[in-house]
Amino acid sequence: MITTDFLPGSPCWIDLGARDVTAAAAFYDAVFDWEFESLGPEANGYGIFKNDGRIVGAVGPLTETGARSAWMIYFNTPDADATARTVERLGGGVRVAPLDADGAGRMAQFTDPQGGQFAIWQPGTSRGLEQTDAPGALAWTELYTTDAAAAKEFYGSLFGWETSDIPLPGDGGTYSLVTPAGKGQERMQGGVMQVGSEALTLNGGRPYWHPVFAVVDCDTTVAAVTGNGGSVQMGPEDAEGVGRLAVCLDPFGADFVVLAPAGQS
């Protein structure tokens, strides 16, 4: 489970790159009842999402020519500069070199050796998200990749992640559960799933991370997604022992998953 007691290598922040920040904020407000707060002109359109008064993510305008609208997942690190050096040593690439975020922290963005994009956050005055593992908040992270073994080796070497494999139903292959170094099952934070390149058309055949948001009722949330210009790639469907879930796209093509966890009251 993802918590706000952040550990090295655990998810600590998410933000959305959007072509239209105002329209994106309106969509996520309609779906999750998120409140958008702009950080002002000096933030160049960047602002935060709040759920019940607590920060659950952020959104800002796309800054790269040709970039698709997508969620970026940030992982906690005690030293952004050292992590950047390790990324390069392990065969990854530095997209945005470590930089200070006005004292709130220090961040950087990377690609893994297969092309999956991710980011890191070294806390300053801000540790990151204020709410996780609750309805309308980040509850899991997931990487779709064409080479799960290579991904596990890279991220395991970078963050110390430990993984355990479980078979998927039928002939669905294997799903690898991710846990921070030295922690138990209760701190599992995400998964790595090997897929064919044809399943990665959304990202031009390259691997990508996406967030999973907890919800109370998956079907009701999916109706809000489609009723506000979004679409559904898969589901809603039941996953034994996990819950009811659906893979969704917002109106601008950013993917995310909604999950009503099994056993919730």
Side-chain angles (χ1 to χ4, degrees), residues 1-4 10-18 23-36 48-59 68-74 118 128-144 168-169 172 175 177-178 188-193 195 199-203 208-265:
M1 138 175 142
I2 296 173
T3 77
T4 55
S10 68
C12 61
W13 188 253
I14 53 172
D15 59 21
L16 173 69
F27 171 80
Y28 287 97
D29 177 34
V31 172
F32 296 123
D33 198 27
W34 286 352
E35 178 185 358
F36 172 69
I48 58 176
F49 286 126
K50 286 187 174 181
N51 185 44
D52 294 330
R54 288 178 286 182
I55 297 172
V56 291
V59 59
R68 77 175 183 98
S69 184
W71 284 95
M72 179 69 71
I73 298 173
Y74 294 69
F118 68 103
L129 301 174
E130 294 177 349
Q131 184 186 64
T132 58
D133 200 45
L138 183 69
W140 193 252
T141 62
E142 201 164 56
L143 173 66
Y144 286 174
L168 292 171
Y175 191 87
L177 299 164
V178 174
M188 282 181 178
Q189 65 189 36
V192 176
M193 183 172 176
V195 298
L200 300 174
T201 55
L202 188 67
N203 202 39
Y208 59 87
W209 286 93
H210 58 219
V212 178
F213 299 116
V215 296
V216 173
D217 188 305
C218 181
D219 295 73
T220 298
T221 303
V222 165
V225 168
T226 57
N228 288 278
S231 59
V232 178
Q233 288 190 302
M234 184 193 79
E237 63 182 43
D238 295 316
E240 185 177 356
V242 176
R244 189 161 175 81
L245 58 86
V247 181
C248 304
L249 296 177
D250 71 18
F252 317 100
D255 59 299
F256 60 96
V257 176
V258 295
L259 169 67
Q264 68 178 5
S265 58

Visitor: Under 6.0 Å from the CD atom of Glu240, do we count more than 12 heavy atoms belonging to anything else shown?
Guide: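 No, not enclosed.
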Visitor: Looking only at heavy atoms, which two atoms of Pro11 and Ile73 are closest? And how far apart?
Guide: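 Scanning both residues completely, I find the closest heavy atoms to be CB-CG2, 4.4 Å.
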Visitor: Nearest 0.5 Å please: distance from the NZ atom of Lys50 over to the CH2 atom of Trp34.
Guide: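 One gets 14.5 Å once the value is rounded to the nearest 0.5 Å.
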Visitor: Shortest non-hydrogen contact from Ala137 to Val56?
Guide: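 Reported closest heavy-atom pair: CB-CG1, 4.0 Å.
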Visitor: Could you tell me if the side chain of Asn228 sits less than 4.5 Å from the side chain of Pro251, heavy atoms only?
Guide: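 Of all side-chain heavy-atom pairs linking Asn228 with Pro251, none is under 4.5 Å.
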Visitor: I need the minimum non-hydrogen distance between Leu129 and Gly57, along with the two atoms involved.
Guide: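 The answer is CD2-N, 3.7 Å.
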Visitor: Answer yes or no: is there a side-chain heavy-atom contact under 4.5 Å between Val257 and Met234?
Guide: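 SC-SC contact between Val257 and Met234 ruled out.
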Visitor: Tell me, please, which residues at least two apart from Gln131 pass side-chain hydrogen bond (donor to acceptor under 3.5 Å, both in side chains).
Guide: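 For Gln131, the residues satisfying side-chain hydrogen bond (donor to acceptor under 3.5 Å, both in side chains) (neighbours in sequence not counted) are Asn51.
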Visitor: Using atom types as modelled and distance alone, determine if a side-chain donor or acceptor of Thr132 lies under 3.5 Å from a backbone N or O of Ala139.
Guide: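 A pair under 3.5 Å: no.
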Visitor: So, taking the atom named CD1 in Ile55 and the one named CH2 in Trp13, what distance separates them when rounded to the nearest 0.5 Å?
Guide: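 Going from CD1 on Ile55 over to CH2 on Trp13, the span is 5.0 Å.
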Visitor: Which of parallel (below 30°), tilted (30 to 60°) and perpendicular (above 60°) describes Phe256 and Phe213?
Guide: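 Aromatic pair Phe256/Phe213 classed tilted.
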Visitor: Excluding sequence neighbours, so at least two apart, what forms salt bridge (Lys or Arg N to Asp or Glu O under 4.0 Å) with Asp219?
Guide: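 Scan of Asp219 (salt bridge (Lys or Arg N to Asp or Glu O under 4.0 Å), adjacent residues dropped) gives Arg244.
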Visitor: Roughly how far, to the nearest 0.5 Å, is CD of Gln189 from CG of Asp133?
Guide: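 If we round to the nearest 0.5 Å, Asp133:CG and Gln189:CD are 12.5 Å apart.
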Visitor: Pair up each side-chain donor or acceptor in residues 23-32 with any protein partner under 3.5 Å, not counting sequence neighbours, and list the distances.
Guide:
{"residue": "Tyr28", "atom": "OH", "partner": "Trp71", "partner atom": "NE1", "Å": "3.1"}
{"residue": "Tyr28", "atom": "OH", "partner": "Asp250", "partner atom": "OD2", "Å": "2.8"}

Visitor: With the side chain counted from C-beta on, respond yes when Thr4 and Glu130 share a heavy-atom pair under 4.5 Å apart, and no when they do not.
Guide: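 A side-chain contact under 4.5 Å is absent here.
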Visitor: Could you grab the distance from atom OG1 of Thr141 to atom OH of Tyr74, nearest 0.5 Å is fine?
Guide: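 Thr141 atom OG1 to Tyr74 atom OH measures 14.5 Å (nearest 0.5 Å).
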Visitor: Which atom names give the shortest non-hydrogen contact between Pro236 and Cys218, and what distance separates them?
Guide: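 So the two residues come closest at CB-SG, 3.8 Å.
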Visitor: Which residues pass the side-chain hydrogen bond (donor to acceptor under 3.5 Å, both in side chains) test with Thr3, not counting sequence neighbours?
Guide: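 Partners of Thr3 by the side-chain hydrogen bond (donor to acceptor under 3.5 Å, both in side chains) criterion, ordered by chain and then number, come out as Arg187.
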Visitor: Show your working on side-chain contact (heavy atoms from CB on, under 4.5 Å) between Leu168 and Met193 and close with a plain yes or no.
Guide: CA-CA 10 Å; Leu168 292 171; Met193 183 172 176; 3.8 Å; yes
Visitor: Roughly how far, to the nearest 0.5 Å, is CD1 of Ile14 from CZ of Phe49?
Guide: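 The CD1 atom of Ile14 is 9.0 Å from CZ of Phe49, to the nearest 0.5 Å.
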Visitor: Val232 and Ala246: which non-hydrogen atoms are nearest, and at how many Å?
Guide: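 Val232 and Ala246 have their closest heavy atoms at CG1-CB, 4.5 Å.
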Visitor: Taking all atoms of both residues into account, what is the closest heavy-atom pair of Ala134 and Ala214, and its distance?
Guide: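 Shortest heavy-atom contact: O-CB, 3.5 Å.
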Visitor: Once rounded to the nearest 0.5 Å, what's the spacing between atom CD1 of Ile2 and atom CE of Met188?
Guide: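 So the CD1 of Ile2 and the CE of Met188 are separated by 13.0 Å.
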Visitor: Name all residues meeting the salt bridge (Lys or Arg N to Asp or Glu O under 4.0 Å) criterion together with Arg68; count only those two or more places apart in sequence or in a different chain, and write none if there are none.
Guide: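 Listed in chain order: Asp255.
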Visitor: Quick one: list whatever passes side-chain hydrogen bond (donor to acceptor under 3.5 Å, both in side chains) with Tyr208, sequence neighbours left out.
Guide: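 In terms of side-chain hydrogen bond (donor to acceptor under 3.5 Å, both in side chains), with neighbours along the sequence ignored, Tyr208 is linked to no residue.
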